[in-house]
Structure formats: structure tokens, C-alpha cells
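Written below as C-alpha cells is the structure these notes are about.
Both backbone and side-chain heavy atoms feed into the values below; hydrogens, waters and symmetry mates do not. One-based numbering, in listed order, for ligands and for the atoms of each.
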Amino acid sequence: MDIEKLLSEMTIEEKAALCQGADAWHTVAVERVGVPEVCVSDGPHGLRKVNRDGVTVKAVCFPTAVGTAASFSRELLEELGGAIGDACREEDVHVILGPAANIKRTPLCGRNFEYFSEDPYLSGETAAAFIRGVQRKGVGTSLKHYAMNNQETRRLTVSAEVDERAEREIYLTSFERAVKGGKPWTVMCSYNKVNGVYSSENERLQEQVLRREWGFDGMVMTDWGACNDHVKGVASGVELEMPRSGDDSDRLLVEAVKSGRLSEETLTEAARRVLRLAQRVYAAEGKPEDFDLGVQHHQARKYAREAMVLLKNDGAVLPIRGNRKVAFIGQFAEKPRYQGGGSSHINVTEELSALEAVRSVCPVTYAQGFDMETDSVDAAMEAEAVRLAGEADVAVLFIGLPERIESEGYDRADMKLPPNQNHLVSAVAAVQPNTVVVLHNGSPVEMPWLNEVPAILEAYLGGQAGGGAVVDLLFGAVSPSAKLAETFPLRLEDTPSYLNFPGDKQKVRYAESIWVGYRYYDKKNMAVAFPFGHGLTYTTFQYENLRLSSPVFSGEKITASVDVTNTGSFPAAEVVQFYIRPDHAGKERPVRELKGYGKIFLNPGETGTVTAELDARSFAYWEEEIHDWYAEPGLYQVEAAASSRDIRLCAPVEVALPARKVTLNGDSLVRDALQIPGALELIEETRRRYGQGVMTDEQWQGFRRWFHDTPLHGLVTSLGLSREKTGWFVQELMNLQK
Ligand code: BGC
């Protein structure tokens with residue numbers, strides 16, 4: 001496809017036509033010049049292709065993002081992306097609408113199951129791996145929903161009011177890593193406004209940040225119905241309006257070009273970007289080899305095993321060993337909730353419940369226990385469940401959030417499970433000490449019975465074969481290995497956005513700023529139910545010999561490596577996390593931040609090495625004064641950890657980069673000036689020269705104890721200078737940096 005030749009042959013009308021869909025799922029084909037249509041479909045954890053006759057094709061539903069992120073495995077995400085890419089090729093879909101890299105600002109967001117993490121590094125790395133996996137198959141991705149779409153409440157209009165530092169360090173970093181590490185062919189802009197401007201017409205986000213800063217070379221489409229003003233959208237770098245809204249959209253674009261409101265160049269560039277996408281997707285030909293939905297179902301089970309987190313396992317209740325009498329209790333055993341509601345909902349090829357999967361392992365008794373559609377306790381159902389639990393050696397309780405509580409389109413009102421389910425857990429735990437809870441949910445729940453049960457397996461929404469994976473883990477066919485990609489707070493009131501969610505009619509203030517997830521709980525040293533990065537296995541691991549390729553960071557990448565030994569008796573994989581902790585007094589920073597991770601499978605007795613690369617970004621924060629990243633010089637600790645609250649080893653590293661120049665004015669405080677080496681000496685020297693009559697030495701010493709918050713225009717008079725000399729003195733201070 002010769003794009004420039006095509007563009008030169010196309011009319012303004014034809015270029016404008018390319019800038020909105022032909023329908024809900026296709027771009028416009030311009031047959032006169034031979035431009036083909038591009039077919040897009042949801043996403044993100046399997047294919048939801050709606051045919052032209054309205055029928056949704058069958059596809060395999062893989063575990064949802066909340067779980068795949070918990071795998072902490074780039075390899076798994078690449079493989080999973082590849083499987084979805086194959087499904088797309090098989091169905092002639094050119095672009096899958098995912099991954100979704102929005103940060104989990106609150107556990108209440110109805111779409112958290114589709115999002116990866118509260119941590120931008122993990123979210124971005126995971127999204128990038130997924131993108132690489134899909135696109136390797138010649139199928140495009142659409143990284144969504146860019147940006148600051150962190151709630152469902154009023155998602156089409158609300159303005160996310162976020163400060164520059166939080167925007168960069170938390171929300172945009174997730175997308176940035178995905179863009180740089182995955183190179184998606186398209187990005188989907190979000191519905192909401194960001195600081196008052198719709199994402200669909202936000203030139204700063206689309207052109208400045210996404211394209212100029214991050215080097216994105218693809219096409220931006222709107223979320224479905226996110227277009228507010230199509231002309232403004234195209235002008236600000238959102239090329240494609242989805243779905244088709246009607247002929248007016250084309251007409252307005254053409255008129256805008258004719259009237260000079262939009263330059264023809266801009267329209268041509270938009271059309272060029274749409275054509276480039278067509279060129280990319282048509283580069284791959286034919287169907288994938290050996291495509292088999294049955295095989296994909298087995299893959300889904302394998303991925304799910306890596307996407308479920310063993311939260312608690314006191315007294316090694318799990319794995320359940322042979323010959324034990326087992327009772328399965330709770331409706332989710334029979335009817336697991338394994339995917340979320342909304343646009344990601346897949347028409348599955350088959351589904352496997354734990355109750356069905358366990359048949360090939362051992363006999364179990366089963367009681368429904370509750371009705372997931374209601375909140376009220378059914379006394380008869382509960383009594384039967386308690387009876388079976390009491391008769392067994394182990395009771396496994398399958399509980400979770402039904403779709404009426406958690407879905408795209410609405411947020412949860414609280415973090416609670418339905419009361420009848422909580423009631424049942426306590427009732428069963430009262431008669432059965434070996435009670436195992438298996439949770440089916442897309443986001444954290446409060447666990448009032450946390451101390452009543454010895455074991456909890458977080459199965460999340462594990463995809464259509466999730467029930468099989470639960471059985472594999474419960475009975476020890478494999479060890480769990482996932483770790484939480486989010487904190488489980490004790491209660492909703494503890495969460496950082498509690499006072500500012502979901503905002504008022506127009507705005508939601510991100511007043512917690514960068515203090516999202518573990519950054520907040522750690523800074524406040526708060527107790528949580530389960531910390532970020534936590535997850536158990538059926539074995540134990542020892543960490544040794546944390547080493548850095550250099551104790552000094554002066555700009556070139558360095559590596560951190562740690563040896564891990566499986567010191568237990570079960571083969572399992574360990575997720576090692578590398579955190580950076582600033583160890584010097586400087587800018588207000590989180591206690592620690594995730595900057596690397598790796599996963600390694602080890603047999604009992606086996607030792608392996610996990611390595612992470614650290615670069616300037618690993619040490620940097622967003623400095624609003626310079627509108628840029630800044631790695632402050634000084635001492636940092638590199639921590640090798642089994643979770644954000646289980647730091648095993650640490651090693652110091654000196655960041656030896658030039659300190660940034662401090663800029664001052666008359667309103668700057670003495671404390672700002674004192675960041676400059678030599679500033680105190682200059683102040684003292686100035687006083688000696690000009691200020692002898694102003695204060696006695698004793699008074700001056702007293703003043704020095706609290707002069708940090710004195711503005712420089714006030715300081716100068718204490719030094720014996722007239723106030724007009726402020727500018728000169730400020731310059732003298734800044735000159736110390738030259
Ligand atoms: C969702 C997107 C989805 C699109 C198409 C929107 O409502 O926000 O995630 O890709 O619909 O179904």
C-alpha cells in the first residue's frame with residue numbers, strides 16, 4: 001500500500017470519511033482508490049467479535065487483567081497476547097480493543113477486573129508484554145482508556161482533576177511504559193475530561209505527551225461514543241471517531257477544512273494515520289496454523305493457575321492431600337464468576353466450574369449455601385452447608401461478587417461481599433477448622449472473617465477454565481505463584497481516595513495525589529489485610545547475595561541480581577520484586593516504589609538468579625518546577641522483596657548525577673536557598689560585611705534557628721541590605737551553582 005500515492009488521489013471528502021467508523025466495528029473502505037476496511041473488536045481478555053448479523057462469535061475467555069497482572073510474568077502475558085492474536089486472525093479481526101492500562105485508584109471502580117494494577121510500573125510492563133504478544137501475530141492492539149479513566153461513575157463527562165506530579169508518576173507512567181515497551185498500533189482515548197478538557201480533544205495528551213514525548217507512531221481512536229467535537233478531536237490528534245455517529249461528522253470535517261478552521265494538512269495527516277493502520281494490519285496474511293479453540297481452553301486453564309493468589313494458608317491446610325473428605329460449599333463452585341460484565345463479555349466456547357473439574361480428582365460433597373442473586377441468608381441452605389462442612393475433613397467455600405455488584409458501567413458502593421455469604425463463612429468456619437475460602441471477584445473485598453479461616457485463595461475472575469485452575473491449585477497439581485498487583489485494604493475507609501471518590505457532578509479531585517495504593521499505606525504505616533506484592537506458594541524461598549553491577553549510578557543502566565533458593569519440598573515459582581527506597585532527605589517521596597521484578601521456577605533445593613535493570617527513571621520523580629523527571633543525587637536502597645512488606649535484602653546505591661539547578665526569587669524561602677551548596681556560607685559572609693549593626697551575634701544565632709521559612713526578600717534586611725538588593729542577592733545565591 002503506497003500511502004502517499006493514495007493520499008494524493010483522495011478527495012477531502014474521502015479523507016474525512018476515513019476519520020470515523022463505517023459502523024460499530026469497522027473503519028471505512030474507500031473502494032475507489034482501493035483502501036480496505038479495518039475490523040476492530042473487544043478485548044481485552046479474549047475476543048468479542050460481533051458479526052454484521054449481530055451474532056457474537058464464540059471465543060475463549062482467558063483470565064481477566066487483575067489476575068494476569070498478578071502473575072508478574074511478562075512471558076505469560078506475551079503468550080496470552082499471542083493466543084488472542086491467533087483468535088483475531090482466525091476471525092479476520094485486525095485490532096483487539098485492549099489492553100486497558102488504567103490505574104486502580106480505588107477498589108470500587110467497576111472495571112478494576114479489566115485493569116492491571118495500582119502500580120504504574122507493573123501495569124505498564126504487563127500491558128507492554130500483552131501488546132508485544134498480540135502484535136507479533138500481525139494483529140493490532142488498542143491501548144485504552146487514555147487517560148485518567150479511573151471510575152465508572154459519570155465516566156462520560158467527569159473531569160479528573162489531577163496534579164502534574166500524580167498525573168506523570170502514577171497515571172501516565174502506566175501508559176508510557178506500555179507505549180514505549182509495546183509500541184501499540186492504536187490507542188483509545190477515554191471518555192472523561194482531564195483537568196477540564198475531554199481526552200478526545202486533548203492536544204496536550206495526544207500530540208505532546210503521547211506522540212512527541214513517547215514517540216507513539218500509531219492512530220488514536222475514541223472510546224465508543226467519546227467524541228464530543230469531531231473537528232476539535234481531529235485537530236488535537238484523535239483521528240478516528242468510533243463508532244459511526246452519522247454523516248454529520250464527515251460533513252463538519254469537510255466544512256472545517258473549507259472554512260479554514262482545520263488545515264487540510266491536519267486532515268491529511270489524520271487520514272495518513274488511519275491508512276498506516278490499514279497497512280500494518282494487512283501485512284499479515286492467512287489464518288493462524290493449528291488454531292484450535294479446545295487447545296486455547298487448556299491454555300486458559302494454565303494461565304489461570306498463574307493468575308490466582310494464595311493469600312493465606314495457616315497450618316498448610318493447602319494443598320488438600322489425598323483421602324481427605326472434602327466438601328465444596330457455595331454457589332460459585334457450580335456457577336463461577338469468571339469474567340466481568342460490559343464490553344469485555346465473551347461468548348465462551350465452554351466453561352469449567354470447580355465442581356465439574358474436581359470430579360476427575362476426588363469425590364466431594366456439595367451444598368449451594370446461598371443464592372448469589374440475593375443478600376439474605378437462606379437458613380435451610382446454610383444449615384445444609386454447615387452440616388456437610390462438619391462431616392468433612394476440609395470445607396472449601398466458593399464465594400464472590402455477583403455481576404449485579406461489579407461490572408463495567410457502574411462502581412461498587414462499598415467493599416463488602418453480600419451479607420449472606422459473609423454469614424455463611426462464619427457459620428462454616430465455626431464447625432470446620434480446615435475451612436478454605438476461594439474468592440471470585442475483580443477487586444478487593446473486606447473480609448470480616450479473615451481471622452476465622454486458615455486459608456484463602458483469591459481466584460479473581462479466572463476465565464472460562466478458571467474452575468479447573470482452582471482445583472489444580474487446591475489439590476496441589478501445581479503450586480500457586482501469583483502475587484497481588486494491588487493492596488487489599490482492611491476496610492474501605494482506609495483507602496486513599498475515600499474522601500474524594502467519585503467526586504461531584506462535574507469533577508473528581510485526585511486529592512491523594514501520588515499516594516495511591518501501597519505508596520499511601522506505606523507512607524502512613526497502616527495495617528492492611530494483604531499488601532501489594534503478597535502471595536504464598538506451597539514452598540519456601542531463601543534470598544541471598546543481592547548485588548548491584550555498580551554501587552554508583554551515574555547514568556548508565558545498572559543491574560540488581562539476587563539468588564533465590566527453593567528451600568521447601570514443593571516445586572514452585574517465586575516472584576521477586578525490586579523496590580527503590582530513597583535514603584536521603586530530599587523531595588517528599590514514597591517509602592518505596594516497584595522498579596523491577598522477575599519470576600523464576602525452582603525445584604526443591606534448586607537455586608536461580610533473578611535480575612532487574614535500573615535506569616535513571618528508577619530513581620526519578622516528576623519535578624513540577626522543571627516539568628521533567630529528576631533523579632535526585634544521593635543515597636538509595638535497592639530492595640529485593642517477596643512483597644512490598646516482606647523486604648528480604650537491600651543494597652545501597654549512590655546516585656551520582658548532577659543536582660538540578662535551584663531557581664529562586666524574592667518569595668523563595670531560606671530553606672529553598674539552602675539546597676544550594678555554599679548558600680549558608682554566602683548568607684553568613686553577607687551578614688559579616690553589611691549586617692553588623694542589625695542584630696547581635698546572639699540574636700542572629702537565635703534567628704538562624706527558625707529562619708528557614710523566611711522569604712529571601714525578608715532575609716536581606718536582616719543581613720543589612722536594603723530590600724531593593726533582593727534581586728542582586730538572589731542572583732548571587734543562584735550563581736553559586738555555576
Ligand atoms: C468501552 C471500551 C470498549 C468499547 C467498545 C466502551 O464502552 O469503554 O473499553 O472497547 O466500549 O465495546
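Every side-chain hydrogen bond (donor to acceptor under 3.5 Å, both in side chains) that Glu269 has, sequence neighbours left out, goes to Arg272, Arg273.
Aromatic ring centres of Phe116 and Phe130: separated by at least 6.0 Å.
For the residue pair Gln208 / Glu203, no side-chain donor-acceptor distance below 3.5 Å is found, with atom types taken as modelled. Side-chain contact, Glu351 with Ser353: no donor N or O sits under 3.5 Å from an acceptor N or O. When only modelled atom types and interatomic distance are considered, Asn102 and Glu114 share no side-chain donor-acceptor pair under 3.5 Å.
Ion pairing of Glu408 with Arg155 is present here, as a side-chain N (NZ or NE/NH1/NH2) and a carboxylate O approach within less than 4.0 Å.
For ligand 1, the protein residues placed under 4.0 Å by at least one non-hydrogen atom are Trp25, Asp42, Arg48, Leu97, Arg111, Lys144, His145, Arg155, Met188, Tyr191, Asp223, Trp224, Ser343, Glu408.
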